[in-house]
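Residue numbers start at 1 and run along the sequence shown.
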Amino acid sequence: MLQVAFIRDHKDDIIKRLTKRNIDATALINDVINLDEDRRMLQTKLDNTKAESNALSKEIGNLFKSGESQKANILKEKTTQLKETTKVLELEFNEKAHALNALLYKIPNVPHTSVPNGTSEADNEEIFRDGEIPKLHDGALPHWELAKKYNIIDFELGNKITGAGFPVYIDKGARLQRALIAYFLDKNTKAGYTEYQLPHLVNEASGFGTGQLPDKEGQMYHVTADNLYLIPTAEVPGTNIFRDTLLNENDLPVSITGYTPCFRREAGSYGAHVRGLNRLHQFDKVEIIRVEHPDNSYDAFHAMVNHVKDILIELKLPYRILKLCGADVTFASALTYDFEVFSTAQDRWLEISSISNFETFQANRLKLRFKNNEGKNEFCHTLNGSSLALPRVLAGILENCQTEDGIKIPEALVPYTGFDIIS
């Protein structure tokens, strides 16, 4: 969330920049500032009351020592009153602090100055495109038909076992999934990311720490008996490794990667664009996460973008990069680039990665700080990206690499699959 001091000092700029998200935050920002004033006033009263009570207690002790018990007992009555006042002030202070936090949780991150204006995903700005779109043979099929033809993914079996959006991968389909996961992890670790194996469920504090709660609780699977959430992305457990952590400046940057299954309810998704692997309730993803010094986070952001570019170049998949507009950038992100692979058989672009810089937004929720060289504590910047999400990468490989003889496996994956064609 945004820091209160930052809101006080940059009120007009924050309101102006949040209009990129097509919201008028004036009333909300004013309420935050007013509540903070009340909270600070109560804090002052509380501090003064406690200081007076402590001073009286010291004086009472001295009076008893000097034998002036009558005076001491009179002052004891006053300390009793002060303790009652302290209780009332603490209750009021906690109520104000709770109300202030509730408001702060409602305010999305302030978009970076480079984020374009827009009212929908149609206004996202294409900033890069690479790779040749292949010309397919007559009778080329979309990936869900290829999956059935070669018996590598069974969507109906997944529906029988669980429901729509939970596919079953078979034989070379399963091996190709495993190959992609291993390949992505190897690429990430060679680039300096430390691999972690992470929990697939998180507690409520973790959801709040990265901004999924209270914004996206409707999209998360909730295990109500234990108040745990199935993770929508490895970003949540991976970033929460650093919750309530004070790093040294020399510890930065921190770079980690991890593979997890991801679970999303995708409520309201329907139509032709959710067919096959296009939109799932359970899918595999390899994530990269960075904790950075504020001065270096945008250099790190562009390094992450170039890293994903290199992977897609090796896989020889046609792709483009979009800078998300204010209406499409996520609640917690200051700047997001989406990677999309071209699905030739569907004649459309499919999102395969989002790379985001959250600046201090998550770090403030997580209480993730570092001690700078002057000995002062500062909030870190956090970043994350998909490297990569598997379903649509797999869809892109199946569709773009299909021939009349079968589906040719990208050369970079053959050492991982152990086969070079699905036929």
Side-chain angles (χ1 to χ4, degrees), residues 112 128 130 178-199 209-210 231 233-243 245-260 262 284-317 319 321 332-339 341 352-363 366 368-373 378-390 393 410-413 415-416:
H112 189 265
F128 188 80
D130 191 32
R178 179 156 49 92
L180 282 165
I181 292 165
Y183 167 69
F184 292 152
L185 286 171
D186 282 354
K187 290 293 291 184
N188 296 345
T189 54
K190 284 174 186 174
Y193 292 87
T194 301
E195 184 178 348
Y196 278 69
Q197 194 171 71
L198 299 160
T210 45
I231 59 169
T233 165
E235 169 201 344
V236 184
T239 311
N240 272 279
I241 290 170
F242 308 101
R243 178 153 44 94
T245 299
L246 178 62
L247 301 169
N248 291 314
E249 189 163 352
N250 294 337
D251 295 330
L252 300 174
V254 178
S255 306
I256 73 169
T257 185
Y259 151 71
T260 65
C262 304
D284 294 317
K285 183 154 68 81
V286 176
E287 197 81 357
I288 49 176
I289 297 165
R290 295 178 73 126
V291 179
E292 290 281 346
H293 190 290
D295 293 346
N296 302 329
S297 72
Y298 279 96
D299 287 339
F301 176 85
H302 292 294
M304 292 168 77
V305 170
N306 288 331
H307 175 66
V308 174
K309 277 185 181 180
D310 289 343
I311 292 174
L312 291 169
I313 289 169
E314 274 198 10
L315 292 177
K316 298 179 180 176
L317 291 173
Y319 71 94
I321 303 175
S333 175
L335 178 66
T336 297
Y337 284 4
D338 270 6
F339 280 76
V341 67
I352 54 167
S353 174
S354 287
I355 296 175
S356 298
N357 189 342
F358 304 99
E359 298 185 355
T360 62
F361 191 85
Q362 289 182 333
L366 295 161
L368 166 56
R369 298 161 297 162
F370 71 96
K371 191 177 288 294
N372 65 24
N373 290 331
E378 291 185 52
F379 283 114
C380 303
H381 279 197
T382 61
L383 305 91
N384 81 272
S386 314
S387 179
L388 289 160
L390 271 72
V393 171
E411 190 177 337
L413 292 177
Y416 293 89

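Here the straight-line distance linking atom OG1 of T260 with atom CD1 of I231 works out to 3.5 Å at 0.5 Å rounding. Between atom CG of residue L368 and atom OG1 of residue T382 there is a gap of 7.0 Å, rounded to the nearest 0.5 Å. Here the straight-line distance linking atom CD of Q362 with atom CD of E235 works out to 5.0 Å at 0.5 Å rounding. Expressed to the nearest 0.5 Å, how far CD1 of I355 lies from CZ of F301 amounts to 6.5 Å. Residue H307 holds its NE2 atom at 7.0 Å from OG1 of T257, rounded to the nearest 0.5 Å. Taking CG of D338 as the start and OG of S356 as the end, the distance is 7.5 Å to the nearest 0.5 Å.
No side-chain donor from either of H381 and N296 sits under 3.5 Å from a side-chain acceptor of the other. Using modelled atom types, one finds no donor on one side chain facing an acceptor on the other under 3.5 Å when comparing Y416 with R178.
Of the residues K190, K309, K187, the one that meets the salt bridge (Lys or Arg N to Asp or Glu O under 4.0 Å) test with E314 is K187.
With sequence neighbours excluded, the residues forming a side-chain contact (heavy atoms from CB on, under 4.5 Å) with R243 are N203, A205, S206, N240, L366, listed by chain and number.
A distance-only check finds a donor-acceptor pair linking the side chain of S353 to the backbone of S386 [under 3.5 Å]. A distance-only check finds a donor-acceptor pair linking the side chain of D251 to the backbone of N248 [under 3.5 Å]. Side chain of T189 to main chain of D186: a donor-acceptor pair is present (N/O by atom type, distance under 3.5 Å, no hydrogens or angles). Between the S333 side chain and the F358 main chain, no donor and acceptor come within less than 3.5 Å of each other.
Taking 4.5 Å as the limit, some side-chain heavy atom of L312 sits within range of a side-chain heavy atom of L388. Taking 4.5 Å as the limit, some side-chain heavy atom of L198 sits within range of a side-chain heavy atom of I241. Contact check for Y193 versus I256: no side-chain heavy atoms found under the 4.5 Å cut-off. In this structure the side chain of L247 never reaches within 4.5 angstrom of the side chain of K371, judged on heavy atoms. Between I288 and M304, the closest side-chain pair of non-hydrogen atoms falls below 4.5 Å. The side-chain heavy atoms of N357 and H112, taken from C-beta on, include no pair separated by under 4.5 Å. Side chains of K285 and T233 form a contact here, defined as non-hydrogen atoms less than 4.5 Å apart. In this structure the side chain of F184 reaches within 4.5 angstrom of the side chain of I311, judged on heavy atoms.
Nearest heavy atoms, E195 versus L185: OE2-CD1, 3.5 Å. Smallest separation of non-hydrogen atoms from L315 and Y183: CD2-CE2, 3.9 Å. Nearest heavy-atom pair across L383 and S297 is CD2-O, 3.4 Å. For Y337 against H302, the heavy-atom pair with the smallest separation is OH-CE1, 3.8 Å. In this structure, C380 and L252 approach most closely via the heavy-atom pair SG-CD2, 4.4 Å. Of all the heavy atoms in A389 and V393, the pair that sits closest is O-CG2, 3.2 Å.
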Please step through side-chain hydrogen bond (donor to acceptor under 3.5 Å, both in side chains) for the pair N372 and H293, ending with a clear verdict.
CA-CA 9 Å; N372 65 24; H293 190 290; over 6 Å; no

